[in-house]
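In what follows, a structure is listed as structure tokens, so that the remarks can point back to it.
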Amino acid sequence: MPKRTLLAVVGIGIASGFLSALFGVGGGIVVVPLLVLLLGFDARAATATSLAVILITALAGTTSFSLLEHVDWDAAALVGLPAVAGSVAGVRLQRRVTSRVLTLLFAAFIVAVAVVLVLE
């Protein structure tokens with residue numbers, strides 16, 4: 001991996017981990033756009049890579065917050081287990097749309113979330 005690419009990947013990782021711990025975001029909102037914009041990933045590869053990153057980040061964050069007794073395990077199970085079904089459905093849908101459509105849908109989602117947060 002070229003040095004510049006390695007530095008970009010490490011920077012994306014640091015930003016993702018920091019924002020994950022601070023706001024509960026990082027994977028989709030940080031990693032996907034940065035992999036696409038900085039490293040030229042297509043939307044599918046960026047999404048798949050982001051999910052792998054989330055696995056590692058979630059393990060570290062969950063362990064840290066668990067030691068502080070901040071994890072509500074019942075709520076985590078009630079949200080997480082159905083999320084598995086949503087994830088499988090999302091992968092199936094993603095295979096049926098173009099990378100460009102995925103990028104546009106993602107951008108629309110981010111804008112919608114931003115508008116809702118500003119209006120709250």
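Because the structure is predicted, anything quoted here is derived from the model rather than measured.
For Thr47 against Val32, the heavy-atom pair with the smallest separation is CA-CG2, 4.0 Å. Taking all atoms of both residues into account, the shortest heavy-atom contact from Ile29 to Pro33 is O-CG, 3.3 Å. Here the closest non-hydrogen pair linking Thr63 and Leu59 is OG1-O, 2.8 Å. Between Ser99 and Ala43 the shortest heavy-atom distance is OG-N, 3.1 Å. Nearest heavy atoms, Pro82 versus Ala77: CD-O, 3.8 Å.
Side-chain heavy atoms closer than 4.5 Å link hydrophobic residues (I, L, V, M, F, W, Y) into clusters, and following such links, possibly through other members, connects Phe18 to Val9. Cluster annotation: Leu7 and Val31 are assigned to distinct hydrophobic clusters (Ile/Leu/Val/Met/Phe/Trp/Tyr, side-chain heavy-atom contacts under 4.5 Å, transitive). Leu104 and Leu37 are not part of a single hydrophobic cluster, where members link through side-chain heavy atoms under 4.5 Å apart. Residues Val10 and Leu34 fall within the same hydrophobic cluster, defined by Ile, Leu, Val, Met, Phe, Trp and Tyr side chains chained together at heavy-atom separations under 4.5 Å. If you chain together hydrophobic residues whose side chains sit under 4.5 Å apart, Phe23 and Val30 fall into the same group.
A distance of 8.5 Å separates OG1 of Thr98 from CG of Leu105, quoted to the nearest 0.5 Å. Rounding to the nearest 0.5 Å places CZ of Arg4 at 8.5 Å from CG of Leu38. For the atom pair CG of Leu102 and CD of Gln94, the computed distance is 5.0 Å after rounding to the nearest 0.5 Å. A distance of 10.0 Å separates CG in Leu39 from OG1 in Thr49, rounded to the nearest 0.5 Å. Note that CG of Leu67 is 10.5 Å distant from OG1 of Thr62, once rounded to the nearest 0.5 Å. Residue Ile14 holds its CD1 atom at 11.5 Å from CG of Leu19, rounded to the nearest 0.5 Å.
Side-chain contact check for Leu78 versus Trp73: every heavy-atom pair is 4.5 Å or farther apart. Using a 4.5 Å cut-off on side-chain heavy atoms (C-beta onward), Ile12 and Leu35 make contact. Residues Leu117 and Val113 are in side-chain contact: their nearest non-hydrogen atoms beyond the backbone lie under 4.5 Å apart.
In terms of modelled atom types and a separation under 3.5 Å, the side chain of Ser50 and the main chain of Ala46 share no donor-acceptor contact. At distances below 3.5 Å, not a single donor-acceptor pair connects side-chain atoms of Ser87 with backbone N or O atoms of Ala83. Of the possible polar contacts, none joining the Thr57 side chain to the Gly17 backbone as a donor-acceptor pair under 3.5 Å is found.
Its side chain within the 4.5 Å cluster rule, Leu119 clusters with Val111, Val115 among the Ile, Leu, Val, Met, Phe, Trp and Tyr residues.
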